[in-house]
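One structure below.
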2 protein chains.
Amino acid sequence: MSTISVLLVDDHTVVRSGLKALLGTQADIAVVGEAASGEEALEAAQEHQPAVVLMDLAMGAGMDGIEAIKQLRQRTPHQAIIVFTTYDSDADIVRAVDAGAMGYLLKDAAPEEIFAAVRGAVQGKSVMSAPVASRLFQQLRHPDEILTPREAELLSLLTQGLSNRDLGKRLFISEATVKTHLAHIYAKLGVETRAAAIATAIRREGMR
Amino acid sequence: MSTISVLLVDDHTVVRSGLKALLGTQADIAVVGEAASGEEALEAAQEHQPAVVLMDLAMGAGMDGIEAIKQLRQRTPHQAIIVFTTYDSDADIVRAVDAGAMGYLLKDAAPEEIFAAVRGAVQGKSVMSAPVASRLFQQLRHPDEILTPREAELLSLLTQGLSNRDLGKRLFISEATVKTHLAHIYAKLGVETRAAAIATAIRREGMR
DNA sequence: GGCCGTATCAGCCAAAAGGTGGAGAGACCA
DNA sequence: TGGTCTCTCCACCTTTTGGCTGATACGGCC
């Protein structure tokens, strides 16, 4: 069995250090590089040509993880990308998979789970944490609860605390249209008021 | 200089592993134990008698970090507790300090910052990340923006998406009183609508 | 005792949000 | 071509919310 080269991307030094220590215990896995931002990740992926990229989604300022994934897929499509993050929000999962992520792990994952994901990734296998899988499953069972792109956009602005009028101005649509979208969003989220929609969106959809 | 014994408390294996690796590079610091929950932390603190406890606030199910801090202060008051968490919400900071934390670090802190905090803690010095310090400073400069207990209680329910009527019923007060409290909350948070108040509360105050 | 902060309540009015029903245009697909 | 989805818009009406002013009551503090 040949060695699997891994690139770590996380803005937390502690997390990178921890992953390095854990992965270092495995004979068939070698960390060949680290990056603390999306920009650094692109460079490092080019330079070290890792087989697997372990990447956090939230990375402070600059390019976020999703964007980094997209660009990596374009530039070095042979590298498998595994998301390694704290949150399991629906929106993040879908966007990461859309962008081309091979796996989705949560930071509270057991070391064995991480090892398995890295080994699986090079064989083209998707590995994800149980909570993540169950969320995806949930979405498959209730496809009518998936927001349309426009609705998601509106919901995102809604969580900024904007009024219907402001939403209309921002999206260049009438207040009437805003209300229509909102009614659909409420139905899909299973709430009755904008207050509850915001609470649900921020907590469940991870719109922070 | 004698060795400083440290206990790590975090439900993420990766983070514990990372801290261990980083602290291991320092000759005067030794990790003597690890715990993945508040309950485990109390046991480990009793058993290993560390000089410093590095503790995460969010720990999945069971006892949360704040509660663990309080209990540690009672049982082993000679141990210095440093909070090591991802978030810098006002509410968390205040509660942690109230509970008896000596320091407050964010997970994106540089290794040197962590070392300094551990060394400072045994000498009775408070060390906190810059964003945390600036938040505390902010509160000192604007004491009139601190919510009263009743207002905080109401805001907490507000983030559940309740209407004024429901809030009144829940708190056994009239809708008029609810409106009065809300008006005060809006002023203190610097917002104009309930939507913005909810967004601010969940994001900034950490009411999740 | 007077002052201040907190919590409680009232009424009035304007603005915003939500519910209902309907409708047209464009995209996509079977 | 017909059906479905998405996005857009409108009118009408009810409910909710927010802004304003003012009031009472209790407890701590100087």
Side-chain angles (χ1 to χ4, degrees), chain A residues 90-91 94-95 98 139-202 205 207, chain B residues 91 94 98 139-202 205 207:
Chain A
D90 292 346
V94 171
R95 289 194 306 154
D98 264 3
Q139 290 214 336
L140 283 179
R141 276 194 302 185
H142 301 286
D144 54 338
E145 288 176 9
I146 297 174
L147 299 181
T148 68
R150 195 56 158 171
E151 286 163 0
E153 191 179 2
L154 205 141
L155 179 57
S156 167
L157 288 175
L158 189 67
T159 63
Q160 313 290 320
L162 276 69
S163 67
N164 289 350
R165 185 173 305 167
D166 292 336
L167 289 170
K169 282 181 186 168
R170 193 73 83 83
L171 298 175
F172 303 106
I173 56 180
S174 78
E175 219 178 308
T177 307
V178 171
K179 286 177 148 188
T180 304
H181 283 313
L182 282 181
H184 294 160
I185 290 173
Y186 296 164
K188 289 182 179 179
L189 292 185
V191 299
E192 263 115 48
T193 66
R194 92 166 31 209
I198 292 172
T200 303
I202 295 181
E205 305 294 325
M207 290 181 171
Chain B
V94 171
D98 265 3
Q139 289 213 336
L140 284 180
R141 278 195 300 184
H142 302 286
D144 54 337
E145 289 176 8
I146 297 174
L147 299 180
T148 68
R150 194 55 158 172
E151 285 163 1
E153 190 179 1
L154 205 141
L155 179 58
S156 166
L157 289 175
L158 188 67
T159 64
Q160 314 290 319
L162 276 69
S163 67
N164 289 349
R165 186 172 303 169
D166 292 336
L167 289 170
K169 283 181 185 167
R170 192 73 83 83
L171 298 175
F172 303 107
I173 56 180
S174 79
E175 219 177 308
T177 308
V178 171
K179 289 171 109 180
T180 305
H181 283 312
L182 282 181
H184 293 159
I185 291 173
Y186 295 166
K188 289 183 179 179
L189 293 185
V191 299
E192 264 116 47
T193 67
R194 96 167 26 211
I198 292 172
T200 303
I202 296 182
E205 305 296 325
M207 289 182 173

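Below, chain A is the first sequence line, B the second, and so on; all start at residue 1. On a predicted model such as this, the values are computed, not experimentally measured, just so you know.
- Scored by the side-chain hydrogen bond (donor to acceptor under 3.5 Å, both in side chains) test, T193(B) finds no partners at all (sequence neighbours excluded).
- Scanning all heavy atoms of the two residues, the minimum distance from L155(A) to A197(A) falls at CD1-O, 4.3 Å.
- Taking OG1 from T148(B) and NZ from K188(B), the interatomic distance works out to 5.0 Å, rounded to the nearest 0.5 Å.
- Taking NZ of K169(B) as the start and CG of N164(B) as the end, the distance is 12.5 Å to the nearest 0.5 Å.
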Sub-3.5 Å pairs of nitrogen or oxygen atoms, protein against nucleotides 20-26 of chain D:
none

If a protein heavy atom is under 4.0 Å from the base, mark B; if only from the sugar-phosphate, S; if neither, -; do that for nucleotides 25-30 of chain C going 5' to 3'. ------
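- Using a 4.0 Å heavy-atom cutoff across all strands shown, T177(B) reaches at least one base atom of the nucleic acid.
- Legend: residues meeting side-chain contact (heavy atoms from CB on, under 4.5 Å) with E192(B), ordered by chain and number and at least two apart, are absent.
- By the salt bridge (charged side-chain N to carboxylate O under 4.0 Å, His left out) test, R150(B) pairs with E153(B), sequence neighbours left out.
- Comparing dC7(D), dA7(C), dC9(D) by their closest approach to the side chain of A176(A) singles out dC9(D).
- Taking atom CD on E175(B) and atom P on dC9(C), their separation rounds to 12 Å, with Å as the unit.
- Taking all atoms of both residues into account, the shortest heavy-atom contact from A195(A) to I198(B) is CB-CD1, 3.3 Å.
- One end of the helix from dG1(C)-dC30(D) to dA30(C)-dT1(D) points its axis 40° away from the other end's axis, with each axis taken from 5 pairs and the angle rounded to 10°.
- To the nearest 0.5 angstrom, R170(A) atom CZ is 8.5 Å from L167(A) atom CG.
- Of the candidate nucleotides dA17(C), dC7(D), dC9(D), dA17(C) has the atom nearest to the side chain of R194(A).
- Qualifying side-chain contact (heavy atoms from CB on, under 4.5 Å) partners for S174(B), counting only residues two or more places apart in sequence or in other chains: A176(B), T177(B).
- Here the side chains of L171(B) and V178(B) are not in contact, with every heavy-atom distance at 4.5 Å or above.
- Of the residues in residues 161-170 of chain A, those placing a heavy atom less than 4.0 Å from an atom of DNA chain C are S163(A), N164(A), R165(A), in numerical order.
- Nearer the 5' end of DNA chain C, as judged by each residue's closest nucleotide, is the contact made by H181(B), out of Y186(A) and H181(B).
- Taking both residues in full, the closest heavy atoms of R194(B) and S163(B) are given as NH1-CA, 4.0 Å, listed atom of the first, atom of the second, then distance.
- Here the closest non-hydrogen pair linking E151(B) and L147(B) is OE1-CA, 3.5 Å.
- In this model, the phosphate group of dT6(C) is not approached by any side-chain N or O of T148(B) to a distance below 4.0 Å at OP1 or OP2.
- The side-chain contact (heavy atoms from CB on, under 4.5 Å) test with L158(B) is passed by exactly one of L182(B), I202(B), I185(B): L182(B).
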